[in-house]
Number of protein chains: 2
Amino acid sequence: MVDAAPAPIEADWSEADNCAGALGALVGGFGASARSAADCPVRDVLDRLGDAWSFLVVLRLADGPVRFNELKRQVGGVSQRMLTVTLRGLERDGLVDRTVFPTTPPRVEYRLTALGNSLVEPMTALTRWAATNHDSVRAARARYDTLPA
Amino acid sequence: MVDAAPAPIEADWSEADNCAGALGALVGGFGASARSAADCPVRDVLDRLGDAWSFLVVLRLADGPVRFNELKRQVGGVSQRMLTVTLRGLERDGLVDRTVFPTTPPRVEYRLTALGNSLVEPMTALTRWAATNHDSVRAARARYDTLPA
DNA sequence: CGGGATCCTACGTGATACTG
DNA sequence: CAGTATCACGTAGGATCCCG
């Protein structure tokens with residue numbers, strides 16, 4: 001198997017207002033009711049999209065089905081193992097569909113599920129923000145780094 | 001200092017189409033031109049929002065200024081160090097503003113900058129998606145985990 | 001209260017080799 | 001081609017102590 005236990009994060013959020021304020025309300029209101037990260041949608045879902053790879057893979061898959069190695073090339077910089085792990089995770093979460101063609105050599109195609117596709121739009125919003133404000137961020141960094149030691 | 005080197009990721013994306021397809025176009029088109037992660041807006045920005053903390057902190061800050069320990073409690077589960085590191089990162093990126101009141105005991109307030117605020121909306125889109133589809137994701141996981149060994 | 005400095009460990013990650 | 005298995009490393013992150 002490839003990395004069994006995902007990490008048994010089990011802190012005590014009993015007093016935490018994890019899903020914070022206005023958005024907390026939007027999300028459904030947590031705080032005292034949330035027992036673990038899994039109970040907080042924001043965390044649960046974002047923890048997965050958190051790792052750059054998942055995000056990039058979904059983005060790439062938004063263009064249509066792709067084969068493993070093609071995907072690997074297009075994403076770029078991802079190791080075979082991480083791509084596999086990432087795809088398994090996305091598949092597990094029902095965002096990606098994996099199809100194996102019993103040919104030789106084997107052919108495996110990955111594509112977004114309906115659920116996965118519904119995620120593309122919100123992700124695009126963030127991506128667009130990134131594109132639009134990339135310069136501002138870089139400028140801010142430069143400024144910050146040129147300050148006192 | 002707190003964690004100097006951010007991580008010298010310097011792979012060779014020369015052939016990679018990092019910002020993928022349709023969104024790649026939207027983003028500005030990379031591929032052969034991109035030399036490092038820093039050149040890809042999606043990666044550059046998302047790598048920061050990637051870690052759950054940044055995302056959650058910004059979300060919380062969207063409700064208004066907060067003091068350090070208050071923020072720590074509200075986010076929940078974050079260690080003092082990580083909150084500090086996270087806030088420094090956000091400050092560096094120009095998303096968060098840090099104000100120190102020279103009182104005793106010290107009082108430090110964090111609030112979103114204009115740039116930070118502009119990020120709230122796209123983040124909300126993702127958050128809303130998470131809230132809406134959390135059940136589907138959990139269901140998918142349960143299904144996946146009950147399959148063949 | 002806010003946070004800097006240290007120490008220490010787990011696990012994420014890449015490189016490599018093997019299979020069908 | 002599409003993985004799986006193994007190993008070895010780095011660093012992200014938690015715990016702690018202390019200072020202004």
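Throughout, a chain's letter reflects where its sequence line sits, starting with A, and its residues are numbered from 1. Quantities reported herein were computed from a predicted structural model and do not represent experimental measurements. Below, all heavy atoms of this structure are taken into account, side chains as well, without hydrogens, waters or symmetry copies.
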Given atom CG of Leu83(B) and atom P of dC1(C), what is their separation to the nearest angstrom? 14 Å
Could you give the CD-to-C1' distance, from Glu70(B) to dG2(C), as a whole number of Å? 14 Å
Nearest listed nucleotide, side chain of Phe68(A), among dG2(C), dT6(D), dA2(D): dA2(D)
dA2(D) phosphate, OP1 or OP2, under 4.0 Å from Arg67(A) side-chain N/O: yes
Starting at atom CZ of Arg81(B), determine the distance to atom P of dT9(C), rounded to an integer number of angstrom. 15 Å
Among the nucleotides dA2(D), dG4(C), dG13(D), whichever has the atom closest to the side chain of Met82(B) is dG13(D)
Please list residues of residues 96-113 of chain B whose heavy atoms come under 4.0 Å from any atom in DNA chain D, ordered by number; otherwise none. Pro106(B)
Counting side-chain heavy atoms from C-beta on, which of dT6(C), dG4(C), dT4(D) comes nearest to Thr84(B)? dG4(C)
Heavy-atom pair with the smallest gap, counting every atom of Trp129(B) and Leu95(A): CH2-CD2, 3.9 Å
I want to check one thing: is the phosphate of dT4(D), taken as OP1 and OP2, less than 4.0 Å away from some side-chain N or O of Arg88(A)? yes
For the pair made of CD in Glu91(A) and P in dG3(D), what is the distance, rounded to whole Å? 9 Å
So CG of Leu61(B) and CG of Leu119(B): to nearest 0.5 Å the spacing works out to 11.5 Å
Under a 4.5 Å cut-off applied to non-hydrogen side-chain atoms, are Asp97(B) and Leu112(B) in contact? no
What integer distance in Å separates Asp51(B):CG from dG14(D):P? 11 Å
Under 3.5 Å donor-acceptor, Asn133(B) side chain and Ser136(B) backbone: no
dist Leu56(A):CG -> Leu71(A):CG (nearest 0.5 Å) comes out at 10.0 Å
At what distance, to the nearest 0.5 angstrom, does CZ of Arg60(B) lie from NZ of Lys72(B)? 15.0 Å
Starting from C1' on dG3(D), measure out to NZ on Lys72(A) and report it in whole angstrom. 12 Å
Counting side-chain heavy atoms from C-beta on, which of dG14(D), dC17(D), dG14(C) comes nearest to Gln80(B)? dC17(D)
Out of curiosity, Asp44(B) CG to Arg138(A) CZ, how far, rounded to the nearest 0.5 Å? 6.0 Å
